[in-house]
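All remarks here apply to the structure that follows.
Computation of the quantities below employed the complete heavy-atom set of this structure, encompassing side-chain atoms and omitting hydrogens, waters and symmetry-equivalent molecules. We name chains A, B, ... by the order of the sequence lines, and we start the count at 1 in each one.
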2 protein chains.
Amino acid sequence: MTEPTRHDTRLDRFVDNYSERTNGMRVSAVRALFAVANRPEIVSLAGGMPNIADLPLPDIAESMAEMVRTRGTQIMQYGSGQGEPEFREQILDVMALEGITAHPDDVVVTAGSQQGLDLVTRIFCNPGDVVLAESPSYVGALGTFLSYQAEVVHVPCDDDGLNPTALRETIARVQAEGKRIKFLYTIPNFNNPSGVTQPLHRRREVLEVCRAGGVLVVEDNPYGLLALDADPVPAMRSLDDEVIYLGSFSKTFAPGFRVGWVLAPHAVREKLTLAQESATLCPPVFSQFAIGNYLRNHDWKGQVDVFRDMYRDRRDAMLSTLHETMPAGTSWTQPAGGFFVWVTLPEGLDAQAMLPRGVNARVAFVPGSAFYADGQGARNVRLSFCFPPAERIQLGVKRFADVVRRELEVMATFGVHTSPIEPRMPAGPAPDLS
Amino acid sequence: MTEPTRHDTRLDRFVDNYSERTNGMRVSAVRALFAVANRPEIVSLAGGMPNIADLPLPDIAESMAEMVRTRGTQIMQYGSGQGEPEFREQILDVMALEGITAHPDDVVVTAGSQQGLDLVTRIFCNPGDVVLAESPSYVGALGTFLSYQAEVVHVPCDDDGLNPTALRETIARVQAEGKRIKFLYTIPNFNNPSGVTQPLHRRREVLEVCRAGGVLVVEDNPYGLLALDADPVPAMRSLDDEVIYLGSFSKTFAPGFRVGWVLAPHAVREKLTLAQESATLCPPVFSQFAIGNYLRNHDWKGQVDVFRDMYRDRRDAMLSTLHETMPAGTSWTQPAGGFFVWVTLPEGLDAQAMLPRGVNARVAFVPGSAFYADGQGARNVRLSFCFPPAERIQLGVKRFADVVRRELEVMATFGVHTSPIEPRMPAGPAPDLS
C-alpha cells in the first residue's frame, strides 16, 4: 500500500477548463442523505436496488466456473462493439415474452440500460433539443438528458400514464416555439417513480399522437417482467417497429453485471454501435457470457416468478400499511408491478424539507422534485418496496406516516411548514436512485 | 426463438434527426477488411488483442466460484458510481509499480480505459476545442475526441516521443489562432501505434512545456507493465500530481471484464464521477470484484512476467524477420515493450492501397493513416506482435515483405503505385483496433 497524499487538489484549479456540459452536471441535493440512509437503523424506502438474495448462488457459481474453465480465453477477450452475437439471440427470447419480434442484428448491448439512455441521447440530441418525458420521470434519465444539454419538457399524466391530449398539445406548443423535439422518453410499465402502467389502448394512442407529430418514441422497460397482478401488457415496440426499446437484466437477474440493451431500427442501431465503440470499444464481454450462461443453464423464468412473489408481498405490505397509517389528505398510486409507489402529500407540505426529519425518524425516501426537470413534485414522495423485507417496509411506512402527521400538526399550529433541520451528513457513496 | 423480421428499416428515415456529433461518426474504412482478417488462413498483424491463453483458468474459475458463493449478493448488486472502494485501494498497488503515489479517493473506475477517454473528453471538450496528440496516436482515442467534435492537432515526434520544441511551438501556434487547448493526450510507454517510449528526461521536458503553456496532460498507460527489456520508466503522473492518468487491466490481466481507471486531481475526479453516474450509474461491479479477487488470490505479478516473456519472444521474432526480409528503404521502430512496431515504407508507396493486396497475400496490418486525424501516415503501417505465435509472426512478416517488394516492382515498372484491388468483403464484427 502506498502512502496517501492529499495536496491542495481540492481547490478546483480546473474550473475554467471544463466543457459547458460539465457545468450542467450537479451533485444531487439528496446524495449526502442517501449515505445516511445506508445506516442499519434507518429503513430505506429510497433506493431502487433489486433484492437478489433469492438467486441460486451455488448453482450460478458452479456453471460460471465451468464456463471460465472451458471458454475462458474467449469470454475474457475483447468482443464485438455491438455485443456478442449468441447473446443478442438470447435477448430476443426475453423480449418475445412481451410480444416483441425482432432480428438480432438490431440489438446493441450496453453497460446497463443507463448506457442505452446515454448512447441514444448522444446520437440524437444537440444542445437545446427537446426531450419529452412523463410527469414525473426517471431521475437517472433526466440527468443524462441534461448532461447533453437537452431541454426536458414534461407531459401531464393521468392514472393511465401519458395523457394523449396533453401530449398532442405539448408537441404542438414546443414545435410552435421553433424547438426540435428529438424523442418522447416513456416508461410504460410500472413507471419509475409513479408506478403507473399504460394500458394497451393508451399505448396505441400515444404511438398515434407521436407518429402524427413526427416524434420518435424511446420505450424504457426495466420492470416489464415484474408484473405482480397480471401478465405483462404488450410492449410499445411490439406495436410499432420504429420504437427504440431499452431493456435490462438488472431487475430480472442482477444489476452488478451492468448489461442492458437497445433494440432500434437498423439505421439507428448502426449509429448506436459506432457510439458504443467510441464509448467503451465493446460492452462488458464477461458479463454478457455470464448472463447468457445463466439464461441457458438455469430456470430463469421460474426465478422471475420467485421475484414476482417476493415483490408482490412487499408491495402489498406497503399499500396496506399506507392505507392503515397515512393521515387524511394523502394519496398514492396502486402499482401493478415494478418497485415504486408515488405519494402525494397534503397541500402545504414540502417533501424535500421533510427528508431530514424523515432521516431523524429513521426512514428514508426520495422527494418528488428529483423526478422533474422543472421544479414540480414538491408535494410528492417516491417510496420503494423492492429492497427491505415486508416487516421493515411496514415499519418504514409507519415512521413515514408519523413524520407526515407531525408536519401537519406543525403546519396547523404555525400555519407554514418549518425550515429543514439538517442532520449530520457524512461523505459516502453515490445514491442509488435507479 | 422468434421469427426474424427485416422490414425496410435499412433506409435511414432518421437521417435528419441525429445530433451534429453523430454526423462526425464514421465507419472505419478498414472495418470490413478486419472481418476478412479473422479468417484462419490470414496472419493478422492488425489487431491489438492481448494473448491471454497463459492465464491459469482452472484456478481463476475456482476462486471466482468461491467468491460468487460467498459474496454473490454483493458482487451482483449495484455499486458505487466511482468504483468499489476496496478495489480502488488495490489499483493503488498496481500504480505503485510505476512510481505513482495517490489516494483511493482520486481513482474513478471505468468500463475499460476507453471509457476513461470518453469521460475525460466529455468533461473537458466543447466542440471546436483542441486536443494535442502524438504523431501518430491511438486510433480509438482519436475517434473519441472527434466524436465530441474536438479538433485533434498532432505534435511531431522523434525517437524519444513528443519533441519538446515542436510541442512548445504547436501550443503557441494553436493558442495564437485563438483556439482553446484542453489537454495533451500522450502514451509515453510503448506508444500505440509507434512503439516509441519517452525516456525520463523527455517526460520532464514535456511536463515543463505543458506547465508553461497551461496545458493539462492526459497520460494513457495501458502497456506500462509490459516492458520487455528493462524496468518501466516512472509514469508522468509520478512526476506531477496534476497529470490525469488512465490505467487498464486489459493487457496485464484480461480485456473482457472491461475495467480501467482514471486517476485525477480531486476536483476533476468529482466531475468524472458525475459523468460516470450519468453514463452507466456505476462501472461493472462484478468485473471489479472478479479482478480484485484475481489480484488477491493469484500471483498476478508473476503472471505479468509470464506475459512479458511471451511478448518478448514475439517482438524479437518480428524484429528479426523484418531485418531479414524487408526491402531496402523501409524502416521501423524498435519497441522496448507493448504490442506494436511502426513501419515506414519506401517513398511512393501507399499503405492503404496495399492493404487489399496484403489480405490477398494472407497477411493483415493497419495502414498508418488510421492513426492520424489529418491525413498523414500514408507510408506507414502498424504491425502488432501481440496475438499470433512467433512462427506465425515470422510467416506474416515474410508475406508482408513480399507485398512491399511487389509494390516496389510495380512502381519501378509503371512509375506509380497501382490502384487498389478490392477483395470481396463480407459484413462482420467491428475491428479490433485497440
Given heavy-atom pairs under 4.5 angstrom as the criterion, report whether the side chain, backbone, both or neither of [X] touches chain B.
X	answer
A/Leu117	neither
A/Arg122	both
A/Thr121	backbone
A/Phe249	neither
A/Thr144	both
A/Pro283	backbone
A/Met64	side chain
A/Ala290	neither
A/Ile123	both
A/Asp118	side chain

Does [X] reach the main-chain N or O of [Y] with its side chain, forming a donor-acceptor pair under 3.5 Å?
X	Y	answer
A/Asp106	A/Pro265	no
B/Arg269	B/Leu263	no
B/Ser80	B/Gly83	yes
B/Gln276	B/Val109	yes
B/Gln114	A/Ser278	yes

Among [options], residue most engaged with chain A (heavy-atom pairs, under 4.5 Å):
options	value
B/Leu216, B/Thr70, B/Thr110, B/Val259	B/Leu216
B/Thr73, B/Asp59, B/Leu146, B/Val15	B/Thr73
B/Gly143, B/Cys125, B/Ser63	B/Cys125
B/Cys282, B/Ala65, B/Ala279	B/Ala279
B/Thr280, B/Val285, B/Leu119	B/Thr280
B/Ala254, B/Ala61, B/Pro255, B/Ser287	B/Pro255

In terms of the angle between their ring planes, are A/Phe124 and A/Phe183 parallel, tilted or perpendicular, with boundaries placed at 30° and 60°?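 A/Phe124 vs A/Phe183 ring planes: perpendicular.
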How are the rings of B/Phe286 and A/Phe286 set relative to one another: parallel (under 30°), tilted (30 to 60°) or perpendicular (over 60°)?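 The rings of B/Phe286 and A/Phe286 lie parallel, inter-plane angle below 30°.
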Please determine whether side-chain contact (heavy atoms from CB on, under 4.5 Å) holds for the pair A/Gln90 and A/Ile291, giving the CA-CA distance in whole Å, both sets of side-chain angles, and the decisive distance to 0.1 Å. CA-CA 10 Å; A/Gln90 293 177 291; A/Ile291 295 177; over 6 Å; no
Give me the atom names and distance for the closest heavy-atom approach of B/Asp105 to B/Gln82.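 Residues B/Asp105 and B/Gln82, closest heavy atoms: O-NE2, 2.7 Å.
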Looking only at non-hydrogen atoms, find the nearest pair between A/Asp12 and B/Lys271 and report the distance.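 Result for this residue pair: OD2-CE, 4.3 Å.
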Please determine whether a side-chain nitrogen of the Lys or Arg among B/Asp129 and B/Lys182 lies less than 4.0 Å from a carboxylate oxygen of the Asp or Glu.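 A salt bridge links B/Asp129 with B/Lys182.
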Looking at [options], which one has more heavy-atom pairs under 4.5 Å with chain B than the rest?
options	value
A/Gln74, A/Arg21, A/Glu20	A/Arg21
A/Val68, A/Ile60, A/Asn17	A/Asn17
A/Gln288, A/Glu62, A/Arg180	A/Arg180

Side chain from CB out, backbone as N, CA, C, O: work out which of these in B/Ile75 comes under 4.5 Å of a heavy atom of chain A, or both, or neither.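 The backbone, not the side chain.
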B/Ala275, part contacting chain A, at a heavy-atom distance under 4.5 Å: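 For B/Ala275, the contact with chain A is made by backbone and side chain together.
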Option from B/Glu84, B/Glu86, B/Glu66 for which salt bridge (charged side-chain N to carboxylate O under 4.0 Å, His left out) with B/Arg71 holds: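 With B/Arg71 as partner, salt bridge (charged side-chain N to carboxylate O under 4.0 Å, His left out) holds for just one option, B/Glu86.
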Please walk me through it: do A/Phe253 and A/Phe257 pass ring pair (Phe, Tyr, Trp, His ring centres under 6.0 Å)? CA-CA 9 Å; A/Phe253 177 34; A/Phe257 293 100; 5.4 Å; yes
